[in-house]
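Please read these numbers as outputs of a predicted model, since none were measured by experiment. Each chain gets a letter, A, B and so on, in the order the sequences are listed, and its residues count up from 1.
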Amino acid sequence: MNDMDRRSMPLFSIGIVMKLTELTARQIRYYEANDLIAPERTKGNQRLFSFNDVDRLLQIKDLLDRGLNMAGIKLLLDEEKKEIPGEIPEKKKKTPANLTDEELRGILKNELNEAGRYGKASMRQGELARFFVRH
DNA sequence: ATTCTGACA
DNA sequence: TGTCAGCA
């Protein structure tokens with residue numbers, strides 16, 4: 001079994017994850033409800049989180065502190081997820097946590113334009129921005 | 001003792 | 001997001 005498999009192995013109860021991330025059970029469940037994480041379940045329906053889930057939660061916590069709301073975080077995480085599966089990150093690929101607030105704004109702006117081309121086309125740029133980012 | 005879902009004086 | 005209820 002390789003390291004990647006280990007990182008996705010279901011190991012921790014929500015109680016342990018709470019201590020590891022300093023997030024409340026309410027928050028953790030809320031993020032799952034919004035598809036930011038997808039922890040496994042035990043026979044008894046209890047959540048089992050992997051190292052990846054914990055990292056993801058820490059990432060979410062950081063993004064939240066930096067002003068992003070659920071929608072904005074989902075956009076970033078979804079993109080990051082579709083980048084990693086492909087090639088091997090040669091150098092130091094930038095994860096949302098490594099981005100400066102300005103870079104973050106830049107990326108979000110592009111995401112906004114993209115989103116604008118689809119479902120949210122009716123919303124004006126400004127409104128869309130406020131929909132994803134606060135400040 | 002823990003966690004889960006649903007709901008809101 | 002907190003918190004309480006009623007289960008498993």
- request: Let me know the distance between CZ of A/F12 and P of B/dT3, rounded to the nearest Å.
  value: 14 Å
message: Side-chain N or O of A/R41 versus OP1/OP2 of C/dA8: is the shortest distance under 4.0 Å?
response: no
message: When you measure from the side chain of A/N2 to the backbone of A/M4, do you find a donor-acceptor pair of N or O atoms at a distance under 3.5 Å?
response: yes
Spacing of A/L48 atom CG relative to B/dC4 atom C1', expressed in whole Å: 13 Å
message: Is it the case that the side chain of A/N45 and the backbone of A/R41 share a donor-acceptor pair, with hydrogens and angles ignored and the cut-off at 3.5 Å?
response: no
query: In whole angstroms, how far is the P atom of C/dT1 from the NZ atom of A/K61?
result: 11 Å
task: For the side chain of A/Q46, starting at C-beta, report the closest nucleotide among C/dT1, B/dT2, C/dG2.
output: B/dT2
query: Is the backbone N or O of A/T21 less than 3.5 Å from a side-chain atom of A/K61, with the two atoms forming a donor-acceptor pair by type?
result: yes
- request: Measure the distance from NZ on A/K19 to P on B/dT3 and round it to the nearest whole Å.
  value: 8 Å
query: For B/dG6, does OP1 or OP2 lie under 4.0 Å from any side-chain N or O of A/Y30?
result: no
- prompt: Would you say A/R47 reaches B/dC4's phosphate, i.e. side-chain N/O to OP1/OP2 under 4.0 Å?
  reply: yes
message: Does B/dT3 have OP1 or OP2 under 4.0 Å away from a side-chain N or O of A/S13?
response: yes
message: Does the structure show a Watson-Crick or G-U wobble partner for B/dA1, both distances under 3.5 Å? Name it, or say none.
response: none
query: Across the strands shown, which category fits A/G15 at heavy-atom distances under 4.0 angstrom: base, sugar-phosphate, nothing?
result: sugar-phosphate
message: For B/dC8, give the paired nucleotide (Watson-Crick: N1-N3 plus N6-O4 or O6-N4; G-U: N1-O2 and O6-N3; both under 3.5 Å), or none.
response: C/dG2
With sequence neighbours excluded, residues passing side chain to side chain contact (heavy atoms under 4.5 Å, CB included) with A/D3: A/R6
query: With a 4.0 Å cut-off on heavy atoms, is A/R29 in touch with a base, just the backbone sugar-phosphate, or nothing at all?
result: base
